[in-house]
Number of protein chains: 2
Amino acid sequence: MAARPTKKTSESSDKVSVICRALRRAIIEQALEPGAKLPEDSLGERFGVSRTIARHALGQLAAEGLVELRRNRIAVVATPSWQEARDAFDIRIELERLVVRQLAGKLTKAQIAELNAHVDAEDGARGGTDAVSIRLATEFHILLAQMTNSPILVRYVSEVAYRCCLTLSLYSRPHSTECAINEHRAIISALAKGDEAKVMDLMHHHLDSVANRALVAPTPQRGRDLLDILAPYADDIAGNRVVKLPKVARS
Amino acid sequence: MAARPTKKTSESSDKVSVICRALRRAIIEQALEPGAKLPEDSLGERFGVSRTIARHALGQLAAEGLVELRRNRIAVVATPSWQEARDAFDIRIELERLVVRQLAGKLTKAQIAELNAHVDAEDGARGGTDAVSIRLATEFHILLAQMTNSPILVRYVSEVAYRCCLTLSLYSRPHSTECAINEHRAIISALAKGDEAKVMDLMHHHLDSVANRALVAPTPQRGRDLLDILAPYADDIAGNRVVKLPKVARS
DNA sequence: AGCGCTCCAATTGCATGCAGTTTTGTGCGC
DNA sequence: GCGCACAAAACTGCATGCAATTGGAGCGCT
């Protein structure tokens, strides 16, 4: 259990992975907002690669749910619905409870130090931009996942954490990250103490409170999803008579 | 909640998706065993597309963890270690508990009928090959996930279920699927009754027993991973003198 | 102005070609 | 027969080119 062979899953240093990493980071730091267009040409030019590679990278990110790919259309940064955001958080809670359950009482001194150092970094970045805070907070969770030495768990936690970041930029009001930092510290100490039930609960409530602070209202304010906005009206109308909407492409 | 908009994430009808589906199915039906080589040329020729497309499909499947992609090397069907298999099942348990938790007491009559019909199909296929039984059993779980109307949950449950199929063909002895069918029926009836705690427990034990029946011993019998098989011997030898193994490529 | 139509630039879908790397097969010395 | 060097084949990494589709500007009509 201590020295599980850490097999490299993928994500080496080929150009596709480089682009994926760059885009992922741009997305979670909200340099690319949901709905932003990602033409293959531009990406290729920007990263000095051919369109083929850019396209491949977009395919990967689409598989992770970070970008949306519609046939013959320009790829865009994903715009999850409010419900999808909530679903993502629900899944994340279960996965991260699993993480801390596996980790409770099994961390080395060095690992605990590493976690504390990371939270210190979060603390230090408190004066910076929200984007950096969010990235650091997310990386804390990924760091935890990595300590399980389970590549699959790392992958899923990372993916779902990224998705949650995405929703933060959609539905969240400017929020304070301070309590998150304290909660991170509490989780570390509970992990060190080895109190499995306690740490699972802490993680649960931590994520739940992040979700609740982020997903304030079921009515998306800045949500770009035209369909969701129009849904109630559409129902209304359907009751009266049929109206021709301009080719709503829900399919 | 009843009529959540079912947004299509990807996986439409472009050639890449077609190839992915075909390969996925071939893998879970064990027509392609773990370790099987997947050269881009051959795939392209087989499916009547260019290498570009085959390559893209392999990339997607690699992102799902079904194939392994090493730089400049032929892609192969993934060969998860025993520990990875166990991890996959652990994650799967949590995810599917979440599925049934969301579903308990919320299924329509039609949905329950659909589930029952599926289990009937599983029953009917009992005389057939193991491969078909495994596929049907897996599809039952995916069907459940789909009923949550949460695209993210569907994606993760599907992926992890496929991965579990993969490990079945690696570490499992020829097994009986009959109890699984009964357990499926029990889950459906508990879902219909709406007993949340009960159905979560049923799902937990169902998957746990599948895992335990499959992952019998930490020593893989038919495991193709040369490294794992040779590990104890290598240790032995190392104690005496150094032996030159032919370029073991663990990286 | 508002609506519909046509046509063109922008963009994707896909195949092919070339360069570099790995694997395989072959011949040679022992 | 056995091991080894070397060359040929196989395969991947990536760029480019062409056809098909889309989005939108421009334009005429009401």
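Naming convention: chains lettered A, B, ... in sequence-line order (proteins, then strands); numbering from 1 in each chain. All of these numbers come straight from a predicted model, not from anything done at the bench.
- Between B/Arg73 and C/dT23 there is a side-chain polar atom (N or O) within less than 4.0 angstrom of OP1 or OP2.
- Of the candidates D/dA15, C/dA15, D/dT12, the closest approach to any side-chain atom of B/Lys15 belongs to C/dA15.
- Closest approach to the A/Asn72 side chain among D/dG13, D/dT21, D/dA15 is made by D/dT21 (side chain taken as heavy atoms from C-beta onward).
- Listed by chain and number, the residues in a side-chain contact (heavy atoms from CB on, under 4.5 Å) with B/Ala117 amount to none (sequence neighbours excluded).
- Put simply, the side chain of A/Arg155 gets close to the backbone of B/Ala63: a donor and an acceptor are under 3.5 Å apart.
- When the nearest nucleotides of DNA chain C are assigned to B/Ile74 and B/Gly48 by heavy-atom distance, the more 5′-ward of the two goes with B/Gly48.
- Rounded to whole Å, atom P of C/dT12 lies 10 Å from atom NZ of A/Lys37.
- Under the rule for a salt bridge (Lys or Arg N to Asp or Glu O under 4.0 Å), the partners of A/Glu139 that lie at least two apart in sequence or sit in another chain are A/Arg135.
- When the P atom of C/dA15 is taken as reference, atom CD of B/Glu45 falls 13 Å away, rounded to whole Å.
- Contacts of A/Arg46 classified as side-chain contact (heavy atoms from CB on, under 4.5 Å), with partners at least two apart in sequence or in another chain: none.
- Distance B/Leu43 CG to D/dA10 P: 17 Å, rounded to the nearest Å.
- Set against C/dG13, C/dT21, C/dT12, the side chain of A/Arg71 has C/dG13 as its closest nucleotide.
- Atom CD of A/Glu40 is separated from atom P of D/dT16 by 15 Å (rounded to the nearest Å).
- Residue whose closest nucleotide on DNA chain D sits further toward the 5' end, between B/Ala75 and A/Val49: B/Ala75.
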Indicate every side-chain donor-acceptor pair of residues 35-44 of chain B with a distance under 3.5 Å to a residue at least two apart or in another chain.
unit_1  : atom_1 : unit_2  : atom_2 : d
B/Glu40 : OE1    : B/Arg51 : NH1    : 2.6
B/Glu40 : OE2    : B/Arg55 : NH1    : 2.6

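- Listed in residue order, the members of residues 50-59 of chain B having a heavy atom less than 4.0 Å from DNA chain D are B/Arg51, B/Arg55.
- In this structure B/Ser158 satisfies the side-chain contact (heavy atoms from CB on, under 4.5 Å) test together with B/Ile142, B/Val154, B/Tyr162, sequence neighbours excluded.
- Spacing between atom CG of B/Asp41 and atom P of C/dA15 amounts to 13 Å, rounded to whole angstrom units.
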